[in-house]
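The block underneath contains the structure these notes are about, expressed in structure tokens.
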Amino acid sequence: MFIESPDQVPLREQVTAAGDVFLVPELILRVDDASLNGWQLRYGDWTDYPDRPGGRRGAEQALQAAIFDMRFRIETLGK
């Protein structure tokens with residue numbers, strides 16, 4: 001898949017194990033298992049963004065960090 005800009009990444013609805021619902025770019029996955037509770041960016045090197053304590057707020061912060069890095073990678077690696 002070739003992506004020219006971060007705005008071209010399709011979004012999907014993602015529900016966490018806690019039941020929180022997020023709109024997430026398709027390059028970012030949710031992982032809720034014994035080794036990780038958080039988001040995983042799969043563009044370039046796969047990178048984990050674990051949730052910080054705080055429930056939904058922690059998941060939002062980790063997702064925003066993953067989206068920031070995704071945008072940077074698309075703008076630099078995607079060209």
Side-chain angles (χ1 to χ4, degrees):
M1 159 179 27
F2 179 73
I3 300 169
E4 283 188 38
S5 76
D7 299 324
Q8 293 179 338
V9 178
L11 300 176
R12 71 181 187 304
E13 193 173 272
Q14 179 73 54
V15 181
T16 67
D20 297 319
V21 180
F22 295 92
L23 278 178
V24 181
E26 70 176 10
L27 300 172
I28 299 173
L29 301 177
R30 180 70 191 175
V31 180
D32 285 305
D33 62 24
S35 64
L36 174 69
N37 288 91
W39 305 98
Q40 187 175 70
L41 173 57
R42 293 187 174 185
Y43 189 81
D45 291 331
W46 288 13
T47 307
D48 295 332
Y49 299 84
D51 292 352
R52 312 281 188 289
R56 180 176 175 86
R57 184 176 154 215
E60 286 175 358
Q61 290 172 339
L63 178 58
Q64 290 305 313
I67 291 171
F68 179 84
D69 286 349
M70 179 197 74
R71 290 180 169 277
F72 175 79
R73 290 178 189 188
I74 290 171
E75 291 169 359
T76 58
L77 299 176
K79 294 183 177 183

Salt bridge or not between D69 and R71? Use side-chain N to carboxylate O under 4.0 Å.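 Salt bridge between D69 and R71, a charged N being under 4.0 Å from a carboxylate O: no.
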Hey, are D51 and R56 close enough for a salt bridge, meaning a charged N less than 4.0 Å from a carboxylate O?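 A salt bridge is absent here (no side-chain N lies under 4.0 Å from a carboxylate O).
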Separation of R42 CZ from T47 OG1 (nearest 0.5 Å):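 So the gap between those two atoms works out to 11.0 Å.
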With rounding to the nearest 0.5 angstrom, report the CG to CG distance, L41 to L27.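 Answer rounded to 0.5 Å: 7.0 Å.
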Shortest non-hydrogen contact from G44 to L77?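 Smallest interatomic distance, heavy atoms only, reads CA-CD1, 4.3 Å.
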Which atom of A62 lies closest to which atom of P50, heavy atoms considered: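 The answer is CB-O, 3.5 Å.
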Does P25 offer a backbone N or O that forms a donor-acceptor pair with the side chain of R12 under 3.5 Å?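 Judged by distance alone, yes, a pair lies under 3.5 Å.
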Backbone N/O of Y43 and side chain of R73: donor-acceptor pair under 3.5 Å: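 Yes, the answer is positive, given that a donor and an acceptor are paired below the 3.5 Å cut-off.
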Do V24 and I74 belong to the same hydrophobic cluster, where Ile, Leu, Val, Met, Phe, Trp and Tyr are linked whenever their side-chain heavy atoms lie under 4.5 Å apart, directly or via other members?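 Same cluster: V24 reaches I74 through Ile, Leu, Val, Met, Phe, Trp or Tyr contacts under 4.5 Å.
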Of all residues at least two apart in sequence or in a different chain, which pass the salt bridge (charged side-chain N to carboxylate O under 4.0 Å, His left out) check with D48?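 Salt bridge (charged side-chain N to carboxylate O under 4.0 Å, His left out) check on D48 returns nothing, list empty.
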Indicate whether the side chain of N37 and that of D32 have a donor and an acceptor atom separated by less than 3.5 Å.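 Present: a donor and an acceptor within the cut-off.
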Under the side-chain hydrogen bond (donor to acceptor under 3.5 Å, both in side chains) rule, collect the residues that match up with D33, sequence neighbours excluded.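 Once residues adjacent in sequence are excluded, the partners of D33 under the side-chain hydrogen bond (donor to acceptor under 3.5 Å, both in side chains) criterion are S35.
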Under 4.5 Å between any side-chain heavy atoms of L11 and E26, yes or no?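 When only atoms from C-beta onward are counted, E26 and L11 do not touch, as no gap falls below 4.5 Å.
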Quick check: do W46 and Q40 have side-chain heavy atoms less than 4.5 Å from each other?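 Of all side-chain heavy-atom pairs linking Q40 with W46, at least one is under 4.5 Å.
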Who clusters with V15? Use side-chain heavy atoms, under 4.5 angstrom, across I, L, V, M, F, W and Y, and order the result by chain and number.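 Members alongside V15: V21.
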What pairs of residues pass the ring pair (Phe, Tyr, Trp, His ring centres under 6.0 Å) test when at least one of them lies in residues 7-42, not counting sequence neighbours?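 Pairs touching residues 7-42 that pass the test: F22-W39.
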Run the numbers on Y49 and L63 for side-chain contact (heavy atoms from CB on, under 4.5 Å), then give the verdict. CA-CA 7 Å; Y49 299 84; L63 178 58; over 6 Å; no
Within residues 13-24 or reaching into it, pairs that qualify as salt bridge (Lys or Arg N to Asp or Glu O under 4.0 Å) - sequence neighbours excluded: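 Residue pairs passing salt bridge (Lys or Arg N to Asp or Glu O under 4.0 Å), neighbours aside: none found.
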